[in-house]
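Each chain gets a letter, A, B and so on, in the order its sequence line appears, and its residues count up from 1. Note: hydrogens, waters and symmetry copies are ignored here, and every other heavy atom, side chains too, is used.
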Protein chains: 2
Amino acid sequence: MPGETQDLRDAGLKVTVPRVKILQILESASESNTHMSAEDVYRALLEAQEDVGLATVYRVLTQFESAALVVRHNFESGHSVFELDRGEHHDHMVLIDSGEVIEFSDPVIEKRQREIAESRGFELVDHSLVLYVRKPTR
Amino acid sequence: MPGETQDLRDAGLKVTVPRVKILQILESASESNTHMSAEDVYRALLEAQEDVGLATVYRVLTQFESAALVVRHNFESGHSVFELDRGEHHDHMVLIDSGEVIEFSDPVIEKRQREIAESRGFELVDHSLVLYVRKPTR
DNA sequence: TTGGTTGCAAACAATTTGCATAAAT
DNA sequence: ATTTATGCAAATTGTTTGCAACCAA
């Protein structure tokens with residue numbers, strides 16, 4: 001009866017060991033505000049002695065994305081990273097030196113984006129905003 | 001003495017046929033506000049009867065990026081698209097249905113981004129903003 | 001029981017690299 | 001004459017798919 005089981009049921013997915021375990025891994029990553037790649041999740045599973053194939057990790061993550069349990073980001077080309085969808089929308093700030101990701105949300109920008117799209121005659125469906133920042137030189 | 005030749009010299013790159021031709025292709029794409037993938041550029045070269053290898057296209061585009069002649073975007077995972085860097089910064093709006101890319105620039109958002117980074121104690125170095133929009137349903 | 005799920009290997013797509021040859025300065 | 005660039009094929013990387021065995025409902 002842990003939460004993961006219910007989350008999976010709600011998403012209409014069968015409750016299997018790989019899926020529960022992957023959800024748990026994403027949950028702990030979420031606590032430390034970390035974004036994981038499929039490869040990262042795969043390694044975490046191996047460390048936890050779980051014998052899950054990499055292909056399954058990809059399949060499960062894609063299913064989770066469709067079920068809106070996770071959000072996929074393509075910050076850089078070459079690979080995707082995933083994070084648990086905790087509902088509230090936010091944007092990202094990436095520290096150039098460390099690669100650390102900080103989340104933020106700003107109503108002014110959100111509003112302005114909608115205005116810009118509408119002023120061009122469009123409806124804003126989604127957006128992606130990443131600020132690349134660094135600690136001031138001194 | 002065409003402009004491309006000088007651009008390459010200024011960038012410290014040898015003036016070769018592939019490089020000049022690729023610059024020209026990116027220039028005409030720039031006029032029609034189009035973003036091209038490496039594959040797109042490669043096909044354009046073939047159509048122009050230029051016998052340039054795909055690997056060279058990748059190498060040249062990467063060099064152009066380092067030389068700040070072009071900007072690379074990763075709108076969607078799987079492949080990069082390139083556009084000539086005409087100096088003025090701008091963001092992008094992608095039409096969900098057609099994939100068409102529209103450029104825009106908004107001082108309010110630019111300013112706010114800087115404020116957000118600074119309020120967290122960081123210096124804004126760069127950013128990426130993409131609005132995914134669609135034509136209103138009716 | 002039975003259809004959804006998994007592991008494994010093979011298949012793919014985008015991009016990179018090694019190397020011998022060709023071209024630019 | 002040197003140094004750098006190119007073409008081609010082979011190698012890499014990230015991700016997807018076919019399929020037989022497996023497992024949750």
Side-chain angles (χ1 to χ4, degrees), chain A residues 1-2 4-23 25 35-46 48-67 69-82, chain B residues 1-2 4-25 35-46 48-67 69-82 99:
Chain A
M1 59 213 30
E4 295 89 37
T5 299
Q6 199 52 49
D7 291 340
L8 290 172
R9 292 231 166 83
D10 293 347
L13 295 168
K14 263 188 189 170
V15 179
T16 66
V17 173
R19 300 219 259 235
V20 170
K21 208 66 183 103
I22 290 175
L23 252 193
I25 286 170
H35 296 62
M36 302 184 86
S37 66
E39 198 73 43
D40 291 335
V41 172
Y42 178 60
R43 272 193 297 271
L45 285 166
L46 293 190
Q49 320 289 327
E50 293 291 338
D51 195 356
V52 177
L54 180 56
T56 298
V57 173
Y58 275 105
R59 273 185 296 232
V60 170
L61 287 174
T62 302
Q63 290 159 350
F64 284 2
E65 187 191 10
S66 304
L69 286 173
V70 311
V71 180
R72 178 197 301 255
H73 296 289
N74 298 125
F75 292 149
E76 59 227 280
S77 182
H79 70 291
S80 305
V81 292
F82 303 81
Chain B
M1 61 212 34
E4 295 88 37
T5 298
Q6 199 51 51
D7 290 341
L8 289 172
R9 292 234 165 81
D10 293 348
L13 294 169
K14 264 190 189 172
V15 178
T16 67
V17 173
R19 301 220 258 236
V20 170
K21 209 63 185 110
I22 291 175
L23 251 194
Q24 290 174 345
I25 286 170
H35 295 62
M36 302 184 85
S37 67
E39 198 72 46
D40 290 336
V41 172
Y42 178 61
R43 273 195 296 273
L45 285 166
L46 294 190
Q49 320 289 326
E50 293 292 340
D51 195 356
V52 175
L54 180 54
T56 298
V57 173
Y58 275 105
R59 274 186 293 232
V60 170
L61 287 174
T62 302
Q63 291 159 349
F64 284 3
E65 186 191 12
S66 305
L69 286 172
V70 311
V71 180
R72 178 196 301 254
H73 296 288
N74 299 126
F75 293 148
E76 60 228 277
S77 182
H79 70 289
S80 304
V81 292
F82 304 81

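Atom CD of residue B:Q24 and atom NZ of residue B:K21 lie 4.5 Å apart, to the nearest 0.5 angstrom. Here the CD-CZ distance, from B:Q63 to B:R19, works out to 4.5 Å after rounding to the nearest 0.5 Å. Put simply, OG1 on A:T16 and CG on A:L8 are 7.0 Å apart, with the number rounded to the nearest 0.5 Å. Once rounded to the nearest 0.5 Å, the distance linking OG1 of A:T5 with CG of A:L13 reads 12.0 Å. Note that CD of B:E65 and CZ of B:F82 are 6.5 Å apart. Values are rounded to the nearest 0.5 Å. For the atom pair OG1 of B:T62 and CZ of B:R72, the computed distance is 4.5 Å after rounding to the nearest 0.5 Å.
Between the OH atom of A:Y42 and the P atom of C:dG7 there is a distance of 9 Å, rounded to whole Å. Rounded to an integer number of Å, the gap from OH of B:Y58 to C1' of C:dT15 is 5 Å. In this structure, A:R59 places its CZ atom 13 Å from P of C:dA9, rounding to the nearest Å. Atom CG in B:L61 sits about 15 Å away from atom P in C:dA14, given to the nearest Å. Between the P atom of C:dA24 and the CD atom of B:Q63 lies a distance of 15 Å, rounded to the nearest Å. Atom CG of B:L8 and atom P of C:dA23 are 18 Å apart (whole Å). Atom CZ of A:R19 and atom P of C:dG7 are 11 Å apart (whole Å). Rounding to whole angstrom units, NZ of residue B:K21 and C1' of C:dA23 are separated by 19 Å.
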With a cut-off of 3.5 Å and sequence neighbours excluded, list every side-chain donor-acceptor pair involving residues 52-60 of chain A.
none

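Rounded to 10°, the helix from C:dT1-D:dA25 to C:dA14-D:dT12 has 30° between the axis fitted to its first five pairs and the one fitted to its last five.
Between the side chain of B:D10 and the backbone N or O of B:D7, no donor-acceptor pair lies under 3.5 Å.
In terms of position along DNA chain D, the nucleotide closest to B:D51 lies nearer the 5' end than the nucleotide closest to the other residue of the pair A:E39 and B:D51. Nucleotides of DNA chain C nearest to B:A38 and B:V17 differ in position, and the one nearer the 5' end is that of B:A38. Nearest-nucleotide assignment on DNA chain C puts the 5′-proximal partner with B:V81, out of B:V81 and B:R9.
Closest non-hydrogen pair, A:V41 versus A:I25, comes out as O-CD1, 4.1 Å.
Here chain B contacts DNA chain D (any atom closer than 4.0 Å to a heavy atom, that is under 4.0 Å), and the contacts span D:dT3 to D:dA9 from 5' to 3'.
Within the structure, a side-chain polar atom (N or O) of A:T56 is placed less than 4.0 Å from OP1 or OP2 of C:dG7.
The residue A:S37 sits apart from the nucleic acid: no heavy atom pair falls under 4.0 Å.
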